[in-house]
Amino acid sequence: MEIHTELIYHYPWLPSLNSVLSSISSQDPLEFIKKTFETYPFLEIRERLLRLFRAAFENLEQIIEYQADKLNVHCYLILKILLYILDNRAITNRIANLYSKIAYNELINEGDAYIYDIFMDLNLDIKYYNIPIQYGINITKDQEEILQTNFRIYVFDYLKLTASLRDEYRRLVNNSLSDGYVFIQKRNLIRLLQEYVRQKLIIKQEEDKATLDNFKNEILKLEKFKEIYDIISSEWSLKEEEFEYTFEMDFKSGKELSGSYPPCVKSTLKKAQEGQNLTHTERLYIVWFLNSLNYPEDKIVNIFSTLPDFNREKTTYQVRYAKKKGYIPYSCQSLKSYNLCMAKKYKDELCLEGYFSRKYDAQREIKHPLSYVRIKQYRTSHKQKNSDKQIN
Amino acid sequence: MTDYTYLKRLFQAYYKKIKPNIPVVNSFEQREFGFIPWDKHIMIRHLSFKTSEYLLKDLIQTGHRHVYSSGSLYLQPDNSDMNKKQYIGCDLIIDIDVDHFYTPCKDNHDRWYCKECGESGNGMPSKCPKCKKTKFNTLNWICDDCLKTAKQEIIKLVYEFLIPDFGIRESDIKVAFSGHRGYHLKVENEKIRKLTSEARREIVDYVTGENISFEILGLREVGTNIYGLTKRNMDWSQKIVTKIEDILNSYSDIQLERLLLKFGLKRHIITSFLNSKDEFIDTISKNRNLWIIPNFGIATWKSFLYGIVHEIGAEIDEPVTIDIHRLIRYPGSLHGATGFKVQELGLNELNSFNPLNENNEKLDPIVFKSKNLQKIEILEPFVPSTKIAGDVFGPFKKGDKIEVPHHIAVFLLCKGVAKTL
Ligand code: SF4
Ligand SMILES: [Zn+2]
Ligand SMILES: [Zn+2]
């Protein structure tokens, strides 16, 4: 089946790009960029790319204008080249999150027929029903809401697409499944496409740095391209400085605590900052941990704003609920069993060797991340007395 | 000659006799093989064979105690470096083994010895009743009832989950009797092969009901009312409500009480449930979801529903399905703890299959069957009775010198509870 060229202009991540527009997608990258700059106005290209990067740096969820023309395909391909040579996981994740959200916002306005075509193009098996099929009902009191949809998706394709989305609603066990197909609302189906797009943009970082440098040297000889690259790099380094302070936080008494976080917290926060997806366990842990330190709600919520499936309302509710329930963060033992303990990786002395307790007159091991914070705090405040290995 | 040498020769002779007829798993040359020999407690891994003839040739030479192949396919199955094996994909493997779940008859035939305090007893306790530790040595026995339960679980898995829900074709499903206390099931399908461990975890959750959310299915508390689930939702709700109906319509009050006690409900709550039973049946059969039973708060309903979910889900050994680098017993090979054959079965053969008393010779896992008697001496303090092909042998105790048919002798020797005389 031949897919409409307009669809490819609109969604350049579709696999058919390679067959329908093979003349562009198969070119040598250098040639391709040169040609693009010859064919299209430079200011326009620069504007479109910078708009994306700036929005991503600001953690926005949308850009003002998304044009679905042939140049859009060129920009997509240049974007991928830029990500490759920028070689920065945080940038890549942010762009991937933004770009996939843009895709979602575009797709949600598409008609069913196009959605179907897109899934076919991705070689994902879905079924379409002209007349919506009913798969359930929501009853409260006298109100009945019929659950129906025009779509079903093949269960193993569903699992492939949801593998990295871990919320309860998407778990197979909480969904309707029969004859190998999951009943799914259009909105949720498109949410799966969003995730597909995100994954597609998270290109692996080049392991061979020499190859990368060679390529980079070559391609940065193209002056116009270099101009764009330089602007992005310098704007990012300004942003990075800002991040340095993002996780500073106040303890009850107003003391700055982030320096006292144990490795397991630091590494999870870092993951979030880079826009990597967090597992359910990791999310709970961070919320409970920061709640225990009375970290302000909006700041906790903001930490999650970089995540691919962020939803402010839901997150706020969950943070507040956890606070109300007074959940205590996992112990080191549990964290170890979840593979979240980072003591070894960070070679953290306090975690690995423990501390000397005056009360017990013995070396004690760290059993809880909150005691880690307490001991770190104690040590900082007693530094002048040079008794930093003791606590009672 | 030690008994291990004796058993090894028997196994060698068996493999010689069946040559060249051993089942061939698909993509044979891309599978990793592993063996456990008689003389050492080690797994010899990272082997591969071009064809089944080479495998049989090896088995005739070695007579290995246990024979396994991988559920996964690799470009280089014999590379010992996991990263260089070049993983292609993995079949969906499901293992149902009575070792992993409770059956009441275990109180008669399974023995445990506490590693900590030396206490011993029958059954399958979760912790030692004396010292509360959880490390045991066990002597687990084969038993018709246990095997029937395991078979029932496989049938449930296939006909209540894999075929109707997952839409898996019968022809893609392969089942085998493990040669001891359970069954393996394998699904071969291109799209499944590519699934990650996390995706397999989702399948496990679906067929066991683990991680189910009753709130998402519709359970909620509005004011003092509790709204439950309805059959009109084509998710697990349907399974749950249908099961509740089945149970309420077929169980006596005494059976119900026993079940609810097992679910962890308190006696006065159970009484309340039994009193309101008829109205409750009426409510759910009419697809209404305002659930009213005095003393039932949301927490009680949840315990009740978890209990029901547990009744519906299949008892599978979860890690086997999630781990994509596992080795599983090779069909047609012998199980070194029983001397029985790992028997492949068609789905149509499953229902009538009776591993300990099979009439169809082609499917009979007891390959050493013979009327010839053999003398052996019992080494274990207590050996439960063994029922094979309708004949019962034992129970025996340490020092007993007995004369039993060859296949029973082989079984007791493989179990390590006897020696030849
Ligand atoms: S030892 Fe405890 S506090 Fe330290 S990294 Fe591990 S889990 Fe975190
Ligand atoms: Zn004990
Ligand atoms: Zn039994």
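Chain letters run A, B, ... following the sequence lines, proteins first, then strands; residues in each count from 1.
- Annotation: maximal heavy-atom pairing with chain A below 4.5 Å, among B:Thr230, B:Ile192, B:Ile216, occurs at B:Ile216.
- Between the OG1 atom in A:Thr279 and the CD atom in B:Glu198 there is a gap of 10.5 Å [rounded to 0.5 Å].
- If you measure heavy-atom distances from B:Glu215 to chain A, you find no contacts under 4.5 Å at all.
- Counting heavy atoms of neighbouring residues, nucleotides and ligands inside a 6.0 Å radius, atom NE2 of B:His310 does not exceed 12 of them.
- Residues of residues 152-173 of chain B lying within less than 4.5 angstrom of chain A, judged on heavy atoms, are B:Pro164, B:Asp165, B:Phe166, B:Gly167, B:Ile168 in numerical order.
- Of residues 174-183 of chain A, those residues with a non-hydrogen atom less than 4.5 Å from any non-hydrogen atom of chain B are, in numerical order, A:Asn174, A:Asn175, A:Ser176, A:Leu177, A:Ser178, A:Asp179, A:Gly180, A:Tyr181, A:Phe183.
- Minimum interatomic distance between A:Asn123 and B:Lys191 (heavy atoms only, all atoms of both residues): O-NZ, 3.6 Å.
- Only the backbone of B:Asn287 comes within contact range of chain A, with at least one heavy atom under 4.5 Å from a heavy atom of that chain.
- Heavy atoms of other residues, nucleotides or ligands lying less than 6.0 angstrom from NZ of A:Lys209 number more than 12.
- Atom CZ of B:Arg220 has more than 12 neighbouring heavy atoms from other residues, nucleotides or ligands inside a 6.0 Å radius.
- Minimum heavy-atom separation, A:Ile137 to B:Asn233: N-OD1, 2.6 Å.
- Surrounding CD1 of A:Ile328 are at most 12 heavy atoms belonging to other residues, nucleotides or ligands under 6.0 Å away.
- With B:Asp205 contributing its side chain and A:Arg171 its backbone, the two residues share no donor-acceptor pair below 3.5 Å.
- Counted within 6.0 Å of CD on A:Glu313, heavy atoms from surrounding residues, nucleotides or ligands total 12 or fewer; the atom is thus considered open.
- Listed options B:Thr208, B:Leu217, B:Ile212, B:Leu290 were ranked by heavy-atom pairs under 4.5 angstrom with chain A; first place goes to B:Ile212.
- Heavy-atom pairs under 4.5 Å with chain A were tallied for B:Asn211, B:Leu195, B:Thr196; the largest tally goes to B:Asn211.
- Residues B:Asn289 and A:Ile139 share a closest heavy-atom pair of ND2-O, 3.2 Å.
- Other residues, nucleotides and ligands contribute at most 12 non-hydrogen atoms within 6.0 Å of the OH atom of A:Tyr317.
- At a 4.5 Å heavy-atom cutoff, B:Arg288 makes no contact with chain A through either its backbone or its side chain.
- Across every non-hydrogen atom of A:Leu172 and B:Tyr206, the tightest pair is O-CD1, 3.6 Å.
- Of all non-hydrogen atoms in B:Trp236 and A:Val173, the two that sit nearest each other are CD1-O, 3.7 Å.
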